[in-house]
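Values in this document were obtained by computation on a predicted structure and should not be read as measured data.
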Amino acid sequence: MALTPLGDARARVLHDCHRLESARVPLDDAVGCVTTEAVVADELVPPFANTAMDGVAVRAADTAGATADAPVRLRLVGTIAAGDPGDIEVGPGTAVRIMTGAPMPPGADAVVMVERTAPAEGAVDVMVEVAVGNHVRAAGDDLRPGDPVVAAGTELTPAHLGVLAGLGHLDVAVVRRARVAVLSTGDELVEGPGPLLPGQIRDSNRRTLTALVRETGAEAVDLGIVADHPDRIAAALREAVATCDAVVTSGGVSMGEFDHVKVVLDTIGEMEWMQVAIKPAKPLAFGTVEGVPVFGLPGNPVSSMVSFELFARPGLRRMMGHESSGRMVVDAVADEGLHRQIDGKTHFARVVAAWGDDGRFHVRSAGGQGSHQLSAMAAANALAVVPDGHGVPPGGAVEVILLGPLG
C-alpha cells in the first residue's frame with residue numbers, strides 16, 4: 001500500500017468533521033467554546049464613577065499646595081464602603097473616607113490614597129496636591145453601550161466570561177461541545193491491579209485518549225474495552241454513533257488476521273484505511289458510520305497519542321468551531337541532534353522543550369522513541385517534526401509542536 005502524505009490524510013479527516021450546531025450554555029460551562037453570536041455592551045461598565053484606591057474623596061481644589069510638611073486639613077463628614085449608595089455630599093473643606101470600588105460621592109472629584117493622608121480629630125490631613133480625576137474610575141471607563149464585547153468566532157477565555165458576567169449575562173451562544181465515544185479493542189487488554197496472565201497487558205490507551213478528548217474541550221464518553229469479536233465490536237460502534245458526535249478507537253486498524261475493527265467498520269461504515277507517511281502512527285483509519293466521524297487509531301500507545309494529535313485533535317476542534325488544532329508550533333534548536341534514517345516518512349520525535357537564555361526554544365530527546373515507550377511520551381512536552389533524511393545535527397533548527405508546559 002502506498003504511503004499517504006500527511007497533508008492529504010489530515011485534509012481527508014477535516015473534510016468529514018463538520019461544525020456542530022449552536023447552543024446556549026451557562027457561562028460556567030462555556031470556557032474554551034467558540035461563540036456563534038457577537039455580544040455588545042448594553043450598559044456602562046463600571047456603572048458609576050468609583051474609587052480605585054482606599055483613601056479620602058475630596059474636591060481637588062481643596063488640596064492645592066498640600067505637602068507632607070504643610071498638609072491641608074479637611075473635615076471628615078462620613079465613610080463610604082463598597083456597596084454603599086455614596087450619597088454623602090462633599091462640600092468645600094470637607095472629605096469622605098472611601099474604600100476601593102465605592103461610588104464617588106456628590107461634590108468630590110478626586111481621591112487621595114490613604115498613604116498620603118494622616119488622621120486628625122474629626123478630620124484628615126492631606127499631604128499631597130491632587131488633580132481632578134485622581135484615582136477615580138469614570139462610569140463607562142471599561143465599556144459603554146454599543147461597544148463590542150465578544151465577536152462571533154471567539155474562543156472564550158475566563159476573562160471573556162468575567163466581562164459577560166459583569167454585563168449580567170448568564171449564558172452565551174456557542175458551538176456546542178462534541179460528545180466523543182472512546183473505546184479500546186483487544187482480548188489482551190485488562191484493567192486494574194493484580195498479576196497479569198500470560199499475554200495480557202493493561203489498557204492504557206483508553207485513559208490517555210479520554211483525557212486527550214477532554215483536553216480538546218469535548219465531552220468524553222468511555223465505552224470501555226471491547227473484546228476482539230466482530231459482533232461485540234459492531235454493537236459497541238453502533239451504540240457509539242447513536243449517542244455521540246464522533247468515535248475514537250484504538251487498536252485493530254492494521255492488516256492482521258485478528259484486526260476485527262477493520263472488518264466491522266468496512267461493513268457498517270464508509271472508511272478509508274491509510275498508511276500515512278509518518279513515524280510513529282503510520283496506520284490510520286478514518287471515515288463515517290451513519291454520518292458520524294470515526295477515528296481508528298493504532299494500538300501502540302505512543303502511536304495512538306501522536307495519531308490523536310495529528311488527526312483527531314484538529315478534527316474534533318473543527319467540529320466545535322475552532323480554526324486550528326490549538327497546539328503552538330515553534331522553531332527550536334536541537335541541542336543533542338535528532339538522528340534518523342531515510343524512509344520516506346516524517347518522524348515525530350518525543351522531546352523536552354525549554355526556553356533558552358538566548359531567546360530561543362531548545363529541545364532534547366525525552367527518552368526512548370519506540371511506539372510502545374509511553375514513559376518517554378509522558379516525559380515529553382513537545383513533538384519535534386523531523387523531515388525525511390538523516391535527521392537534525394546538534395545545534396540544528398527543527399520545527400516543534402508544543403504539547404504542554406515548558407520544561
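For the atom pair Thr79 OG1 and Met99 CE, the distance stands at 5.5 Å (nearest 0.5 Å). One finds the CZ atom of Arg317 at 10.0 Å from the CD atom of Glu215 (value rounded to the nearest 0.5 Å). Note that CD1 of Ile80 and CG of Asn50 are 11.5 Å apart. Values are rounded to the nearest 0.5 Å. We find the CG-CG distance between Asp142 and Leu44 to be 10.5 Å, quoted to the nearest 0.5 Å.
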Run the numbers on Asp245 and Arg176 for salt bridge (charged side-chain N to carboxylate O under 4.0 Å, His left out), then give the verdict. CA-CA 11 Å; Asp245 303 301; Arg176 68 174 179 84; 2.7 Å; yes
Begin from the C-alpha positions of Trp273 and Leu284 and carry the test side chain to side chain contact (heavy atoms under 4.5 Å, CB included) through to its verdict. CA-CA 6 Å; Trp273 305 86; Leu284 172 70; over 6 Å; no
Would you sort out whether Glu336 and Arg364 count as a salt bridge (charged side-chain N to carboxylate O under 4.0 Å, His left out), showing the intermediate values? CA-CA 6 Å; Glu336 305 164 347; Arg364 57 179 174 79; 5.5 Å; no
How far apart are the C-alpha atoms of Thr210 and Asp222, what are their side-chain angles, what is the distance that settles it, and do they pass the side chain to side chain donor-acceptor pair (under 3.5 Å) test? CA-CA 7 Å; Thr210 53; Asp222 184 356; 5.6 Å; no
Derivation and outcome, side chain to side chain contact (heavy atoms under 4.5 Å, CB included), residues Lys345 and Leu3: CA-CA 9 Å; Lys345 305 170 190 171; Leu3 294 178; 4.2 Å; yes
In sequence, state the C-alpha distance, the side-chain angles, and the governing distance for Asp147 and Arg144, and then conclude on salt bridge (charged side-chain N to carboxylate O under 4.0 Å, His left out). CA-CA 6 Å; Asp147 284 351; Arg144 305 186 70 82; over 6 Å; no
Asp266 vs Lys262, salt bridge (charged side-chain N to carboxylate O under 4.0 Å, His left out): CA-CA, chis, key distance, verdict: CA-CA 6 Å; Asp266 273 340; Lys262 181 179 187 303; 3.2 Å; yes
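A donor-acceptor pair under 3.5 Å is formed between the side chain of Arg10 and the backbone N or O of Leu310. Distance alone, capped at 3.5 Å, is enough to place a donor-acceptor pair between the Thr157 side chain and the His160 backbone.
With respect to Glu219 and Arg179, a salt bridge is recorded, a charged nitrogen being found less than 4.0 Å from a carboxylate O. One finds a salt bridge joining Arg24 and Asp171 here, because a Lys/Arg side-chain nitrogen approaches an Asp/Glu carboxylate oxygen to under 4.0 Å. The residues Arg12 and Asp16 are annotated as salt-bridged, a charged nitrogen and a carboxylate oxygen being separated by less than 4.0 angstrom. Contact check on Asp388 versus Arg340 returns a salt bridge, with a Lys/Arg side-chain nitrogen under 4.0 Å from an Asp/Glu carboxylate oxygen. The residues Arg327 and Glu309 are annotated as salt-bridged, a charged nitrogen and a carboxylate oxygen being separated by less than 4.0 angstrom. Using a cutoff of 4.0 Å between basic side-chain nitrogens and carboxylate oxygens, Glu323 and Arg318 are not scored as salt-bridged.
Under the side-chain contact (heavy atoms from CB on, under 4.5 Å) rule, Leu297 has a single partner from Asn205, Thr249, Leu209, which is Leu209. Each of Val386, Val302, Ile401 was scored for a side-chain contact (heavy atoms from CB on, under 4.5 Å) with Phe348, with one residue passing: Ile401.
For Ala246 against Leu316, the heavy-atom pair with the smallest separation is CB-CD2, 3.7 Å.
Surrounding CD of Glu43 are more than 12 heavy atoms belonging to other residues, nucleotides or ligands, all under 6.0 Å away.
Using a 30° and 60° split on the angle between ring planes, Trp355 and Phe361 fall in the perpendicular class, above 60°.
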